[in-house]
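Notes for the one structure printed next.
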Amino acid sequence: LVTKEVFMAYLNASLLEPLIAICGAEEVDTRELVVNASQLAGLLWWTHLVLDALDTTDVVQAFNFNKLVSGGKVGGPGTSTPAWLRLGSSVKALRAEEQIDLEGNIARDLALWFMLA
């Protein structure tokens, strides 16, 4: 994913500033150390979030496990097709189903506005 690579490049570049400020040649007082350490912790947290959000290994693992259990066929006998995997559905039917799911959902609207604010 290009977005992941660009965002990770920015995060990795920003990690250098607090590290250089902490380990630099000049003497660092306690206040600067706390600020730079908290900035470094925040950047590390963002790095973890980006890596976790844009990672697809959990979906691939679930798909492969379902395929293994069903004897090579996804949704084969004895297993149910995962909720995230919809085979054979038309795009129009999927859009209608998603529209019904999203219509009038105040909790999702609030969560979206909270994340954008």
Taking the side chain as everything from C-beta on, heavy atoms only, tell me whether L43 gets closer than 4.5 Å to Q39.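 Sidechains of Q39 and L43: in contact.
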
For residues 9-25, which side-chain N or O atoms pair as donor and acceptor with protein atoms under 3.5 Å away, sequence neighbours left out?
{"unit_1": "N12", "atom_1": "ND2", "unit_2": "M8", "atom_2": "O", "d": "3.2"}
{"unit_1": "S14", "atom_1": "OG", "unit_2": "Y10", "atom_2": "O", "d": "3.3"}
{"unit_1": "S14", "atom_1": "OG", "unit_2": "L11", "atom_2": "O", "d": "2.8"}

Taking F7 as the starting point, is it possible to reach L44 by hopping between hydrophobic residues whose side chains are less than 4.5 Å apart?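 Yes, one cluster joins them.
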
